[in-house]
Structures are given as C-alpha cells and as structure tokens.
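What follows is one structure encoded as structure tokens, with my remarks underneath.
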Amino acid sequence: MQQSELKEALKREGADLVGITTCKEYFPEYTTAVIIGVSALRIYHLKRKDTVQAMNEIMDYLNVYTRQLLITEGFGTWGSLFSQEEFSRSRNYVPHRELALRAGLGVIGKNFLLITPQFGTRIQLTTVLATIPLLPDPLLSFDPCKTCTTCVDHCPTGALKDCFHQELCTRCYRCVLACPVGGDFHEMQLCAETIPSIWTAR
C-alpha cells in the first residue's frame, strides 16, 4: 500500500489529518506510526447530546479501520483505543502529540499542546503503530506562537507561565478554546457555548 493510498482511504472514512512518521525510538517492534486527527468542530457538527461518546466512536472507528486495512495488507499493527486510553495510560501509553509533531501535523505551542495550521489545538488524535515501511512526512515549518501569548493569558491558574506546571493545571481547557490559530476558531466559539464540551467531560 502506498502512503498516498492510505491517507486517501482514511480521509474518506472521516479523518481530517493524517501523518506518517517512524516510531522505533518509542516502539522498537514497529516501523511506522500513523497519526490520525479529527477536528473537534466536525464532532460538534453532529449535534449529539452525548458529545464525548460521539468523539470516542469516531476516533475508535478510525483506529480500528486503519488496523484492519493494514492487517489485510499483511502488516502487524497495534493501537490503543481512544476511548480506553484514560484507563490504560500507565500500560499502553502512546505519545500522540510527539508523534504528530514528528509527522508534520503541527507544532508544540506555549500551552504545550499540538497546534495545527488548520484547527489550532482543537484536534483529537489517535495513533496506529504498524510494521509497514513508509517514509516519514516532513516536519512542519510553522511558528504561530512567536508573538502570541493568548493561551498563557487565558490560563486561570498560571500553569503555562514559563513551562507546563502540571500541578497547577485544572484541565479547564481554556487554552484550547482561546487559541486563535485555525480556520475553525470563530465557529468553535459558538459551538462551545451551546454544545456539551468534549474537553471538560474528559
């Protein structure tokens, strides 16, 4: 399977972003990491009251679909389900943010989250590890945070003031909604006011 074929197949199934990178430094038994991103706005557009469940269903479907596609091609795969990661992080941790950075999907912002050109920080990620040999995508040349301090200014506890102070973070996700990067910014503000959040419930 060609890299372009894999990406096109995933986008037909609902992925907004797909990146490829190597992962042997993290998982020596696998060759490639396929990082799949879905815009939070796409999830909000479903207008379901169970927003978190909708998000879990979409991300888990894309993860399982990718694994099945690659298994059919004869490759080994593994990927923890998005819906289960909160419960299995100590055993099955996948560094989605770091792999997404390496796959050219975005950069790490001042809020220490992945920032993509298309959706800012408002992106959900799932990763599939595989034995398929694919070339890594190039790193992204993109620096939206150079003169911006919006996320730092919106943090109510000072958790972002010089580095990430995990002990101060309350997971309010104001930094996520406040990030002005991405074409979804204004519409996301309206959705966040009327639809149950997919962040505060996690």
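Values below: every heavy atom of this structure, side chains too, minus hydrogens, waters and symmetry copies.
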- Could you give me the CA-CA distance, side-chain angles and deciding distance for L17 and F119, then say whether side chain to side chain contact (heavy atoms under 4.5 Å, CB included) is met? CA-CA 10 Å; L17 300 175; F119 311 109; 3.9 Å; yes
- Quick one: does T32's side chain get under 4.5 Å of L129's, heavy atoms only? no
- Test side chain to side chain contact (heavy atoms under 4.5 Å, CB included) on I115 and F142 and set out the steps. CA-CA 9 Å; I115 299 182; F142 173 62; 4.2 Å; yes
- Without swapping roles, check the side chain of T131 against the backbone of T31 for a donor-acceptor pair under 3.5 Å. no
- Could you pull out the closest heavy-atom pair between I123 and G37, with the gap in Å? CD1-C, 3.8 Å
- Message: I need the E13 CD to I58 CD1 distance, nearest 0.5 Å.
- Response: 12.5 Å
- Item | M188 side chain near Y44 side chain, heavy-atom distance below 4.5 Å | yes
- Query: When clusters are formed from ILVMFWY side-chain contacts under 4.5 Å, directly or step by step, what else is grouped with L160?
  - Reply: F112, V152, F164
- Rounding to 0.5 Å, atoms OG1 (T121) and CZ (R97) come to a distance of 12.0 Å
- Message: What verdict does the side chain to side chain contact (heavy atoms under 4.5 Å, CB included) test give for F82 and Q124, after you've listed the backbone C-alpha separation in whole Å, the side-chain angles of each residue and the deciding distance to 0.1 Å?
- Response: CA-CA 9 Å; F82 186 92; Q124 302 297 323; 3.3 Å; yes
- Query: Got a sec: does the CZ of R67 have more than 12 other heavy atoms crowding it under 6.0 Å?
  - Reply: yes
- Looking at V176 and R122, what are the two nearest heavy atoms and their distance? O-NH1, 3.0 Å
- Joint hydrophobic cluster, V107 plus I20, side-chain heavy atoms closer than 4.5 Å: no
- Message: Any heavy-atom pair between the side chains of I36 and T127 that's under 4.5 Å?
- Response: no
- Of all the heavy-atom pairs spanning L70 and T77, show the shortest one and how long it is. CB-CG2, 3.6 Å
- Query: Got C175 and H154 here, is their nearest side-chain heavy-atom distance under 4.5 Å?
  - Reply: no
- Task: Report yes or no: does E8 contribute a side-chain atom to a donor-acceptor pair with the main-chain N or O of E5 at less than 3.5 Å?
- Result: no
- Query: For Q84 and N56, does a side-chain donor sit closer than 3.5 Å to a side-chain acceptor?
  - Reply: no
- For the side chain of Q3 and the backbone of L135, is there at least one donor-acceptor N/O pair under 3.5 Å apart? yes
- Item | Atom pair CG (L140) and CG (L101), whose distance is rounded to the nearest 0.5 Å | 9.0 Å
- Check step by step if side chain to side chain contact (heavy atoms under 4.5 Å, CB included) holds for C155 and T157. CA-CA 6 Å; C155 179; T157 63; 3.7 Å; yes
- Message: Do Q118 and S39 have side chains that approach each other closer than 4.5 Å (heavy atoms only, starting at C-beta)?
- Response: no
- Message: Could you check whether atom CD of Q166 has more than 12 heavy atoms from other residues, nucleotides or ligands sitting under 6.0 Å from it?
- Response: no
- Message: Using a 3.5 Å distance criterion without hydrogens, assess whether the side chain of T116 forms a donor-acceptor pair with backbone atoms of G120.
- Response: yes
- Message: Apply side chain to side chain donor-acceptor pair (under 3.5 Å) to residues R171 and Y173 and explain how you reach the verdict.
- Response: CA-CA 5 Å; R171 300 183 76 181; Y173 296 96; 3.0 Å; yes
- same_hphob_cluster(L105, F185) at 4.5 Å side-chain heavy-atom cutoff: no
- Please examine the side chains of V38 and I43, heavy atoms only from C-beta on, and report whether any two atoms are closer than 4.5 Å. yes
- Item | For L46 against A54, the heavy-atom pair lying closest together | CD1-CB, 4.2 Å
- Query: Looking at side-chain heavy atoms only, is the closest gap between D137 and R102 below 4.5 Å?
  - Reply: no
- Task: Mind checking the CG-CG spacing from L62 to L69? Nearest 0.5 Å is all I need.
- Result: 11.5 Å
- Item | C179 SG to L113 CG distance, which is reported to the nearest 0.5 Å | 9.0 Å
- Under 3.5 Å, side chain of D60 to main-chain N/O of S83, donor-acceptor pair present? yes
- Query: At what distance, to the nearest 0.5 angstrom, does CD of E25 lie from CD of E98?
  - Reply: 12.0 Å
- Query: Would L114 end up clustered with L139 when hydrophobic side chains under 4.5 Å apart are linked, directly or stepwise?
  - Reply: no
- Task: List the steps, then state whether side chain to side chain donor-acceptor pair (under 3.5 Å) holds for E187 with H45.
- Result: CA-CA 10 Å; E187 188 174 355; H45 278 164; 2.6 Å; yes
- Query: Looking at D16 and R42, what are the two nearest heavy atoms and their distance?
  - Reply: OD1-NH2, 2.7 Å
- Main-chain N/O of A15 paired with K11 side-chain donor or acceptor, under 3.5 Å: no
- Item | Heavy-atom pair of closest approach, residues A100 and I35 | CB-CG2, 3.9 Å
- So do Y26 and V94 actually touch side chain to side chain, heavy atoms under 4.5 Å? no
